[in-house]
Amino acid sequence: MTDKVKELIAKCLQARELAYCPYSEFSVGAAILTADGAIITGANVENASYGLTVCAERTAVQRAVLEGHRQFKAIAVTCDIKDRFVGPCGACRQVLMEFGVDWTVYLTKPDGSYKETSLSELLPMAFSRADLVKPQ
């Protein structure tokens with residue numbers, strides 16, 4: 001594991017501690033590695049109107065975009081589940097896909113162990129901007 005991956009996973013675990021989840025009590029943290037080496041974090045933020053809850057992955061993407069980043073290399077995601085690796089929800093996978101298919105995804109347990117996968121593996125046959133191009 002490279003030092004950058006160690007840092008990405010550590011920041012993802014730290015972000016989980018900042019989650020606001022008084023309803024589900026299901027903390028999620030995410031950390032994105034940008035193309036220029038910055039790491040941007042996010043945590044889930046719940047709302048009493050459940051549909052307004054924002055996932056950690058989307059919080060991280062939104063923060064990254066607001067900080068001027070548009071190209072990403074990897075994301076690490078963690079939650080409270082200790083006995084298996086858990087991936088991002090379908091909505092988050094689609095949001096990540098907006099910024100490219102070549103992401104490395106680190107599914108991380110609370111103890112820091114992880115499974116490396118890819119966004120294209122997590123969301124095969126994804127709908128993307130290429131699907132919005134009208135035939136000539």
Side-chain angles (χ1 to χ4, degrees):
M1 173 179 359
T2 68
D3 287 343
K4 207 57 164 178
V5 172
K6 286 180 188 175
E7 183 183 3
L8 186 69
I9 289 172
K11 290 197 175 206
C12 145
L13 293 167
Q14 291 169 356
R16 183 175 59 92
E17 298 300 321
L18 298 173
Y20 176 74
C21 51
Y23 308 106
S24 70
E25 297 181 6
F26 187 77
S27 300
V28 181
I32 292 176
L33 176 62
T34 68
D36 63 359
I39 295 177
I40 312 295
T41 60
N44 56 320
V45 179
E46 292 184 347
N47 190 283
S49 176
Y50 299 141
L52 299 178
T53 292
V54 180
C55 297
E57 300 89 333
R58 286 183 277 154
T59 300
V61 166
Q62 291 164 355
R63 286 185 67 201
V65 167
L66 288 174
E67 291 183 23
H69 303 283
R70 300 292 189 282
Q71 296 178 333
F72 308 109
K73 291 182 177 182
I75 185 168
V77 181
T78 191
C79 66
D80 292 334
I81 296 174
K82 297 176 182 177
D83 62 344
R84 63 186 168 89
F85 296 104
V86 179
C89 74
C92 286
R93 294 175 196 204
Q94 183 64 47
V95 168
L96 296 174
M97 189 63 70
E98 179 67 19
F99 296 93
V101 299
D102 296 325
W103 294 59
T104 300
V105 180
Y106 298 97
L107 307 177
T108 309
K109 292 181 184 176
D111 67 2
S113 61
Y114 67 91
K115 174 183 178 180
E116 183 177 330
T117 187
S118 67
L119 183 55
S120 57
E121 185 176 332
L122 292 175
L123 189 59
M125 298 178 63
F127 182 81
S128 71
R129 67 179 62 211
D131 296 306
L132 297 176
V133 176
K134 295 180 181 176
Q136 299 290 323

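In the hydrophobic clustering of this structure, Val77 groups with Met97; members are Ile, Leu, Val, Met, Phe, Trp, Tyr whose side-chain heavy atoms approach within less than 4.5 Å, directly or through other members. In the hydrophobic clustering of ILVMFWY residues, with side-chain heavy atoms under 4.5 Å counting as a link, Ile40 and Leu13 come out apart. Taken together through direct or relayed side-chain contacts under 4.5 Å among Ile, Leu, Val, Met, Phe, Trp and Tyr, Ile39 and Ile9 form part of one hydrophobic cluster. Cluster membership check: Leu96 shares its hydrophobic cluster with Val65, using side-chain heavy-atom separations under 4.5 Å among Ile, Leu, Val, Met, Phe, Trp and Tyr. Cluster annotation: Val28 is connected to Val105 through the hydrophobic network of ILVMFWY side chains, with a link wherever side-chain heavy atoms come within less than 4.5 Å.
In this structure, the side chain of Lys4 engages the main chain of Gly37 through a donor-acceptor pair within 3.5 Å. Asp80 places no side-chain N or O within 3.5 Å of a backbone atom of Phe26 that could act as its donor or acceptor partner. A donor-acceptor pair is defined here as one N or O able to donate and one able to accept, closer than 3.5 Å; such a pair exists between the side chain of Arg93 and the backbone of Leu122. Checked by atom type and distance alone, the side chain of Thr78 pairs as donor or acceptor with a backbone atom of Thr108 at under 3.5 Å. Glu57 places no side-chain N or O within 3.5 Å of a backbone atom of Ala30 that could act as its donor or acceptor partner. In this structure a side-chain-to-backbone donor-acceptor pair under 3.5 Å is missing from Gln71 to Ala35.
Side-chain contact between Leu119 and Val101 is absent, with no heavy-atom pair separated by less than 4.5 Å. Between Tyr23 and Asn47 there is no side-chain heavy-atom pair separated by less than 4.5 Å.
With rounding to the nearest 0.5 Å, the separation of CG in Leu18 from OG1 in Thr59 is 11.5 Å. For the atom pair CZ (Phe99) and CD1 (Ile32), the distance works out to 8.5 Å, reported to the nearest 0.5 Å. With values rounded to the nearest 0.5 angstrom, Glu121 atom CD is found 10.0 Å from Glu116 atom CD.
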Next on the checklist: side-chain hydrogen bond (donor to acceptor under 3.5 Å, both in side chains) for Ser113 and Asp111? Distances and angles first, verdict last.
Outcome noted: CA-CA 6 Å; Ser113 61; Asp111 67 2; 2.7 Å; yes
Checklist entry - Where do Ser24 and Glu46 land on the side-chain hydrogen bond (donor to acceptor under 3.5 Å, both in side chains) test, with the steps shown first? => result CA-CA 8 Å; Ser24 70; Glu46 292 184 347; 2.2 Å; yes
Checklist entry - Given Gln62 and Val54, is the side-chain contact (heavy atoms from CB on, under 4.5 Å) satisfied, shown in steps? => result CA-CA 10 Å; Gln62 291 164 355; Val54 180; 4.3 Å; yes
Checklist entry - Going through the distances and angles, do Glu7 and Lys11 end up as a side-chain contact (heavy atoms from CB on, under 4.5 Å)? => result CA-CA 6 Å; Glu7 183 183 3; Lys11 290 197 175 206; 3.5 Å; yes
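Ring orientation note: the planes of Phe72 and Trp103 are tilted relative to one another, at an angle of 30° to 60°.
Here the closest non-hydrogen pair linking Pro110 and Ile81 is CD-O, 3.1 Å. Nearest heavy-atom pair across Ala19 and Asn44 is CB-OD1, 3.0 Å. Taking every heavy atom of both residues into account, Glu25 and Pro22 meet most closely at CG-O, 4.2 Å. Contact record, Leu8 with Ala74: CD2-CB, 4.0 Å, taken as the closest heavy-atom pair. Of all the heavy atoms in Ala31 and Cys12, the pair that sits closest is CB-N, 3.7 Å. In terms of heavy-atom proximity, Phe85 sits nearest to Leu107 at CD2-O, 3.1 Å.
For the 3.5 Å distance criterion, the side chains of Asp36 and Thr34 qualify, holding a donor opposite an acceptor.
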